[in-house]
Amino acid sequence: QVQLVESGGGVVQPGGSLTLSCAASVSDHMYSFNNMAWYRQAPGKQRELVAQIRYNDNTNYGDFVKGRFTISKADAADTVYLQMNNLNLEDTAVYYCKTMYEYGFGLSMHDFWGQGTQVTVSS
């Protein structure tokens, strides 16, 4: 199994910054990292992709990011960071970490979700 631990959420003023982290603990050596992503969901809205990074460091971002956020990973690919700058009120949401791991010999791909961390942008 793969367990995710998220941290870094909190309350910030508009225009402020936060850095989220997602650490993966892998208990089965047959799993190998494929990609990790951050999603977010605000009340009454659909869950949407914020940022994604793959094992080869390729990244993609949601359209609303507009250059404000940066996703990166540690060399061991066990921790992923999301640096968020110039936050606005519409960024308020629960942010969820999701990772995809390959199970040995390419037999299958497994998704694992974190429990979420609250980001609140408020004056």
Side-chain angles (χ1 to χ4, degrees):
Q1 291 292 324
V2 177
Q3 295 182 340
L4 303 179
V5 178
E6 302 154 329
S7 63
V11 181
V12 297
Q13 297 288 321
S17 299
L18 283 175
T19 299
L20 307 182
S21 64
C22 180
S25 298
V26 183
S27 60
D28 190 333
H29 70 278
M30 295 296 293
Y31 283 106
S32 60
F33 179 87
N34 184 266
N35 70 78
M36 187 171 288
W38 285 96
Y39 289 77
R40 72 182 190 183
Q41 187 168 24
K45 299 181 180 179
Q46 294 183 325
R47 185 171 297 186
E48 60 184 346
L49 176 70
V50 179
Q52 182 184 57
I53 186 166
R54 300 181 66 194
Y55 65 93
N56 59 5
D57 291 332
N58 285 344
T59 60
N60 64 282
Y61 297 90
D63 291 339
F64 62 87
V65 170
K66 296 181 172 61
R68 299 177 298 140
F69 302 169
T70 302
I71 189 170
S72 61
K73 63 179 177 67
D75 291 341
D78 58 351
T79 302
V80 170
Y81 304 95
L82 180 67
Q83 182 176 236
M84 303 189 294
N85 301 315
N86 196 25
L87 290 162
N88 57 60
L89 297 179
E90 294 183 348
D91 294 318
T92 296
V94 178
Y95 285 69
Y96 297 91
C97 180
K98 184 193 80 70
T99 187
M100 176 179 289
Y101 274 74
E102 178 182 357
Y103 191 78
F105 302 102
L107 296 178
S108 61
M109 296 289 188
H110 295 181
D111 288 342
F112 302 91
W113 287 85
Q115 294 184 351
T117 184
Q118 177 71 46
V119 172
T120 301
V121 184
S122 175
S123 61

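Just so you know, these numbers come straight off a predicted model, no measurement behind them. Starting from 1, each residue takes its place in the sequence as its number.
- Under the 30°/60° scheme for interplanar angles, the aromatic rings of His110 and Tyr103 are found to lie parallel.
- Taking both residues in full, the closest heavy atoms of Val12 and Ser17 are given as CG1-O, 3.8 Å, listed atom of the first, atom of the second, then distance.
- Phe64 and Leu49 make their closest contact through CE2-O, 3.4 Å (heavy atoms, listed as atom of the first residue, atom of the second, distance).
- Not a single donor-acceptor pair under 3.5 Å links the side chain of Thr59 to the backbone N or O of Gln52.
- In this structure, Ser123 contributes its side chain and Gln13 its backbone to no donor-acceptor pair below 3.5 Å.
- Using a 4.0 Å cut-off between charged side-chain N and carboxylate O, Lys73 and Asp78 make no salt bridge.
- The heavy-atom pair separating Glu6 from Thr117 by the smallest distance is OE1-N, 3.9 Å.
- Residues Gln118 and Thr120 bring a donor and an acceptor atom of their side chains to less than 3.5 Å of each other.
- Not one N or O on the side chain of Glu102 forms a donor-acceptor pair closer than 3.5 Å with the backbone of Ser32.
- Looking only at distances, no side-chain donor or acceptor of Arg47 sits under 3.5 Å from a matching main-chain atom of Gln41.
- At a cut-off of 3.5 Å, with distance as the only test, a side-chain donor of Arg40 or Tyr95 sits close to an acceptor on the other residue.
- Checked by atom type and distance alone, the side chain of Ser27 pairs as donor or acceptor with a backbone atom of Gln1 at under 3.5 Å.
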